[in-house]
Number of protein chains: 2
Amino acid sequence: MSEKPTSKDILIEAASRLFRIRGYYGVGLKEIIEESSIPKGSLYHYFPNGKEELAIEAINHAKDLVLREIKHVFDSNDDPVKALQDHVYELSKLFGENGDLVGLPIGTIAGETYSTSEPIRLACQDAFTQWQSIYVNEFLDAGYSRERSKELSFAINALIEGGILLSLTAKSAEPLQAISKLIPSLFMNK
Amino acid sequence: MSEKPTSKDILIEAASRLFRIRGYYGVGLKEIIEESSIPKGSLYHYFPNGKEELAIEAINHAKDLVLREIKHVFDSNDDPVKALQDHVYELSKLFGENGDLVGLPIGTIAGETYSTSEPIRLACQDAFTQWQSIYVNEFLDAGYSRERSKELSFAINALIEGGILLSLTAKSAEPLQAISKLIPSLFMNK
DNA sequence: GTCTATACGGTGATAGAC
DNA sequence: GTCTATCACCGTATAGAC
């Protein structure tokens, strides 16, 4: 660990950041190699299947980042509802006003490619599923029924993806803040 | 009304449909003119600012469609909560399995362009705002406080945009159905 | 006002030198 | 293994014929 990052890692991180901000079709390979100062030939050495393969690794990279973040959120608070509420409030500060540089982790790519690239669609689906499985386990532990926990995991994921999109579009923290305030209502019935 | 559609209308409808499915950067002008059987020169006659201008009109077109749909939903049911629940359940049937041809009305374009085209970002923001203003008025009428109504309008919009994205990505009605079931919980506290 | 032909830069991808 | 040179194609946009 903590070795100096390989060319492959640098490419994945640059691609992940750019895809989040402008989506799959909105970013060219040229920009990715310029940003990472790695020649185009090397990209095809590491990713023989080109842009699609790079995108899948970039999606998995973003998935893992968010996964760690979600786990951390629940670890640092005994009450899962309060933990989620605080998490979304923190997101509102990240995505309001100057949130341009962050972007939707996966949503935009998913919306562009669900009908054109089955491998990318599956990578996005896998990310959503893994995030939600953390939610489900937390809600089960907190005493909600299995059915209710699963429904809640869909709703939380949709609220966060949708809320980030609204905040980015409005360049405002307000949408995510409103969502943060409403989260406890969702959990009224076990 | 009900005249035969002009070339401009045909272009807007084709663009709107394609942009919903693959986003702004995922669709080329070539495909739009092929689909609508209208020559490229005519496109620039009707939309001197090219793709960006066409996209803005396509967004407004999609916005109006959804706006009418939302109004209809509330008109056909006295209970706004039940109306929303039924609406999302109907959406689940539309976007599961064979929902490929429908696509996110505005979310994908918003996610791709919020940082690259200010005119398009504003058009998307306007769409979200207009949809939510319908929600706010309905919730006010139903007795919720102004603050709560506004929060709820953000949450409902995020749940629907996020839920459609999840259903498209999973090629399944399940995410939107789960969200439909949970909607009443959101409205427990006035 | 409608449509054809074309310009020209950028796209993802590849071959092969070092 | 790393990088350069180049490909064929597609992107948006435009000029100008009818």
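By convention in this document, chain letters (A, B, ...) are assigned in the order of the sequence lines, proteins followed by strands, and residues within each chain are numbered from 1.
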K8(A) charged N/C atom sitting above F47(A) aromatic ring, 6.0 Å / 45°: yes
With respect to the side chain of [X], which nucleotide from [options] is positioned closest?
| X | options | answer |
| --- | --- | --- |
| Y44(B) | dC3(D), dG1(C), dT14(D) | dT14(D) |
| H45(A) | dT2(D), dG12(C), dT12(D) | dT2(D) |
| L29(A) | dA13(D), dA13(C), dC3(C) | dA13(C) |
| P39(B) | dG12(C), dT2(D), dC3(C) | dC3(C) |
| K51(A) | dA13(D), dT2(D), dG12(C) | dG12(C) |

In this structure, is the centre-to-centre distance between the rings of Y24(B) and Y25(A) below 6.0 Å? no
Within the 6.0 Å centroid threshold, strictly below: F139(A) and F187(A): yes
R148(B)/S185(A) under side chain to side chain donor-acceptor pair (under 3.5 Å): CA gap, chis, key distance, verdict: CA-CA 11 Å; R148(B) 188 80 174 176; S185(A) 305; 2.6 Å; yes
5' priority, DNA chain C, between Y46(B) and G41(A) [closest heavy atom]: Y46(B)
If you assign each of K30(A) and P48(A) to its closest nucleotide in DNA chain C, which residue comes earlier from the 5' end? K30(A)
Starting from [atom2] on [N], measure out to [atom1] on [X] and report it in whole angstrom.
| X | N | atom1 | atom2 | answer |
| --- | --- | --- | --- | --- |
| I10(B) | dC3(C) | CD1 | P | 10 Å |
| I32(B) | dA13(D) | CD1 | C1' | 14 Å |
| L43(B) | dT4(C) | CG | P | 14 Å |
| F47(A) | dG1(D) | CZ | P | 15 Å |
| L11(B) | dC3(C) | CG | P | 11 Å |
| Y24(A) | dT11(C) | OH | P | 13 Å |
| Y25(B) | dT12(D) | OH | C1' | 13 Å |
| K8(B) | dT2(C) | NZ | P | 12 Å |

Quick check on the hydrophobic clustering: are V73(A) and L159(A) connected, directly or via other members, by side-chain heavy-atom contacts under 4.5 Å? no
